[in-house]
**Q** 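This is the structure I have questions about; it appears just below.
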Amino acid sequence: MKMVHRGKLRLLPTRPSDQGPSDQPTKGVAYYPGCSLHSTAIEYNLSTKAIAERLVLSAVEGVSLDLAEPKGWACCGTTPAHSTDDLLATIMPLKNLKLIEESGYSCVAMPCPSCFIRHRTAIYDVRDDPGLRGQVAALRLGSGQARMRQMPSGEIEVEHLLTTMTERVGYDAIAEAVTQPLTGLKVVCYYGCVITRSAKITGAENYEHPTKMDQLVEILGAESLHWSYKTECCGVSLSITQLPIALSMSRRILRNAEEVRAEAIVVACPLGHANLDMRQEQINEQFGEDYHIPILYFTQLVGLAFGIEPRKLGMDKHLARTFPLLQAKRLIAAS
Amino acid sequence: MPLTPQTDLARYIQEKCGENVCLCYWCQKCTAGCPVAEHFDLMPSQVLRAAQFGQKEFILNSKTVWLCAACEACSTRCRQGIDITRVMDVLKIMAQREGIEPSVRTVPMFYKSGLRRIKLFGRVYELELMRNFIYGGFSPASWISGGCSLAICPWP
Ligand code: SF4
Ligand code: SF4
């Protein structure tokens, strides 16, 4: 109920036919928010849009970051698809990629690691497997939907939003837009599983010890602490199917963050956020702990450093409260 | 142990995802790094070993195939380059197609209901997802306590 109250859940999901904002292809970077960002991870969406707006306004040379949502995108299938039907798990992302390509984009940024890995895996699979390509082309997906006569050309680039920010926009451009350095804030960066793994699909270099987010955080003026659970799994959908297991997995992450005296955990994954933020109370109850660690999206942190009003970044939507920390760090006026 | 699949199961896995389980030399690195291993009944390396010998029922009746979180830690670390997560996916799909009674029932239930909603709406139905999230999943109690959102969503 708390979640409906905070505007994180809608009674009916947004549907692919819902009209998005007017999308004039500008050959920039397309934006595929994925299902979570329209609901449970709405603060991730809000903060991404807010900082993109700021970056466009500050007109960084050569960066076109309008992040237009292609109309009619559908779910990537995520865990239920790749665990029950390998063909479906390939088709669903390909349909999206085709759509994005047809809207005139050659690059798409995905904030959700799960969407990101499903889309990249689909491209990887059809590229290497002519048999699968044939199967996909011959299949009719659902009633009344056209066959996928043409595949996406395979040239479309699928990036995680973190990569878009750090490499396409670049650290320098972000540093330039910082107006309120987050001095004195100590955080740990949590990448989760699949932003970097497996390396053959994501193309990540430092897959065991990624540093992009750490560098970003440092540029914003905050301190990024060393810890051991950067890429450890939070339990993902086990949180729905086998709660005790997921709780113990998420607890290990919170424990390590507390041990290194982190004041917040910075994440780049809606599911990781859900498990660490919404489950914190339950973890406290179950294990007799007393964690109150704000879990922030990296986009929210960027937004704060850009001097954007915290409510516009969805800071009020977390279950583990963020305002006490922001007040303590003088990032907002004490109320 | 020959390096080419000798059993039906090993051959099936290779055909489905291209992974050759016979390359596994049982170093157990996958098991050492698996975050869910303590809850498994078969360690990832044991699954690979059993697959080499074609022990299909033994694997498909285990909890491991269902509990694997697909975190890709094992696949990234395997020195033999085996994508173990993929192998797990193949086994999961196989168990569902063959109608094997799952040893962790909630997992395939979640897959099924998730897919049904995605097919219906084109997107994940997060209100229901959250109901399951909040009430700890697919226990009968959660269906009753979560009845309010069921009333809103009339589809089974
Ligand atoms: S890491 Fe690879 S080679 Fe080692 S036991 Fe696991 S699957 Fe086998
Ligand atoms: S993918 Fe599965 S088996 Fe491999 S490390 Fe993760 S949970 Fe363990």
Side-chain angles (χ1 to χ4, degrees), chain A residues 3-4 8-17 34-36 38-40 72-75 77-86 88-89 92 117 128-129 142 192-194 196-201 207-208 231-233 235-246 248-249 252 274 278, chain B residues 16-18 34-36 38-39 63 66-77 81 83 85-86 88-90 92-93 96-97 104-119 121-130 132-139 148-149 152-153:
Chain A
M3 305 210 16
V4 179
K8 293 186 85 159
L9 284 176
R10 298 164 185 245
L11 292 186
L12 285 172
T14 56
R15 307 189 63 155
S17 54
C35 307
S36 310
H38 273 222
S39 112
T40 43
W73 63 265
C75 176
T78 182
T79 312
H82 80 81
S83 310
T84 45
D85 188 338
D86 40 355
L88 192 65
M92 296 178 76
I117 197 77
D128 283 5
D129 187 345
C193 309
V194 292
T196 53
R197 294 195 297 244
S198 64
K200 69 171 190 245
I201 290 176
Y207 51 84
E208 290 286 8
T231 59
E232 194 75 9
C233 181
V236 286
S237 59
L238 287 176
S239 189
I240 295 170
T241 53
Q242 290 291 313
L243 183 58
I245 299 183
S248 77
M249 291 167 79
R252 285 196 294 236
M278 297 176 204
Chain B
K16 274 289 170 196
C17 67
C34 173
V36 203
E38 61 194 279
H39 307 281
K63 287 192 204 162
W66 301 110
L67 292 184
C68 166
C71 75
E72 307 255 0
C74 50
S75 304
T76 322
R77 291 172 189 162
D83 194 335
T85 318
R86 277 252 155 135
M88 294 283 188
D89 271 352
V90 170
K92 250 181 237 177
I93 296 172
Q96 289 170 84
R97 293 218 169 124
V104 187
R105 286 183 46 229
T106 48
V107 177
M109 273 166 83
F110 161 64
Y111 296 157
K112 261 197 212 125
S113 86
L115 263 191
R116 241 195 331 251
R117 294 295 180 270
I118 294 171
K119 282 182 181 157
F121 292 122
R123 297 200 182 146
V124 169
Y125 184 38
E126 298 235 344
L127 184 69
E128 187 200 43
L129 193 74
M130 275 300 129
N132 294 325
F133 189 90
I134 293 161
Y135 296 106
F138 290 85
S139 64
C148 68
S149 68
I152 297 161
C153 177

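The chains referred to below are lettered A, B, ... by the order of the sequence lines, with proteins before strands, and numbering in each begins at 1.
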**Q** Heavy atoms only, distances under 4.5 angstrom: which of B:Met88, B:Glu38, B:Gln96 has the most pairs with chain A? Name it, please.
**A**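 Greatest number of close heavy-atom pairs with chain A: B:Gln96.
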
**Q** Kindly compute the distance separating OG1 (A:Thr241) from CZ (B:Phe110), expressed to the nearest 0.5 Å.
**A**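 Rounded to the nearest 0.5 Å, the OG1-CZ separation comes out at 7.0 Å.
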
**Q** Measure A:Ser248 against the heavy atoms of chain B and call it side chain, backbone, both or neither at under 4.5 Å.
**A**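 When you check distances to chain B, only side chain atoms of A:Ser248 fall under 4.5 Å.
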
**Q** Working to the nearest 0.5 Å, report the span between NE2 of B:His39 and CE of A:Met249.
**A**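 One gets 7.0 Å once the value is rounded to the nearest 0.5 Å.
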
**Q** Pick one of side chain, backbone, both or neither for B:Val104, based on which atoms fall under 4.5 Å of a heavy atom in chain A.
**A**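 The side chain, not the backbone.
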
**Q** Which atoms of A:Ile245 come close to chain B, meaning under 4.5 Å heavy atom to heavy atom: side chain ones, backbone ones, both, or neither?
**A** both

**Q** Quick one: OG1 on A:Thr78 to OH on B:Tyr111, what's the gap to the nearest 0.5 Å?
**A**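 Going from OG1 on A:Thr78 over to OH on B:Tyr111, the span is 10.0 Å.
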
**Q** Can you check whether A:Met92 reaches B:Ile118 side chain to side chain, under 4.5 Å on heavy atoms?
**A** yes

**Q** Run B:Leu115 and A:Leu88 through side chain to side chain contact (heavy atoms under 4.5 Å, CB included) and show every step you take.
**A** CA-CA 10 Å; B:Leu115 263 191; A:Leu88 192 65; 3.8 Å; yes

**Q** Identify the two heavy atoms, one from A:His82 and one from B:Ala70, that lie closest to each other, and give their separation to 0.1 Å.
**A**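 Taking A:His82 first and B:Ala70 second, the nearest heavy atoms are CE1-CB, 4.1 Å.
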
**Q** Decide yes or no for A:Thr84 and B:Lys112: does some side-chain heavy atom of the first lie under 4.5 Å from some side-chain heavy atom of the second?
**A** no

**Q** Measure distances from A:Asp85 to the heavy atoms of chain B and classify the residue's part below 4.5 Å as side chain, backbone, both or neither.
**A** both

**Q** Hey, what do you get for NZ (B:Lys92) to OG1 (A:Thr79), rounding to the nearest 0.5 Å?
**A** 7.5 Å

**Q** Over all heavy atoms of both residues, which pair between A:Glu232 and B:Pro35 is shortest? Give the atoms and the distance, please.
**A**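 Heavy-atom minimum between the residues: OE2-CB, 3.5 Å.
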
**Q** Counting heavy-atom pairs under 4.5 Å to chain B, which of A:Gly235, A:Ser83, A:Cys233 comes out on top?
**A**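 The option with the most such pairs is A:Ser83.
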
**Q** Quick check: closest heavy atoms across A:Val236 and B:Ala69, and the distance to 0.1 Å?
**A** CG2-O, 3.6 Å

**Q** Give, for atom SG of A:Cys35 and atom CZ of B:Arg117, the distance between the pair rounded to the nearest 0.5 Å.
**A**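 So the gap between those two atoms works out to 13.5 Å.
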
**Q** Working to the nearest 0.5 Å, report the span between CG of B:Asp83 and CD1 of A:Ile201.
**A**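 Atom-to-atom, B:Asp83:CG and A:Ile201:CD1 are 6.5 Å apart.
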
**Q** Give, as side chain, backbone, both or neither, the part of B:Arg97 having an atom under 4.5 angstrom from any heavy atom of chain A.
**A** side chain

**Q** List the atom of A:Val194, the atom of B:Cys71, and the distance in Å for their closest heavy-atom pair.
**A**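 For A:Val194 versus B:Cys71, the nearest heavy atoms are CG1-O, 4.5 Å.
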
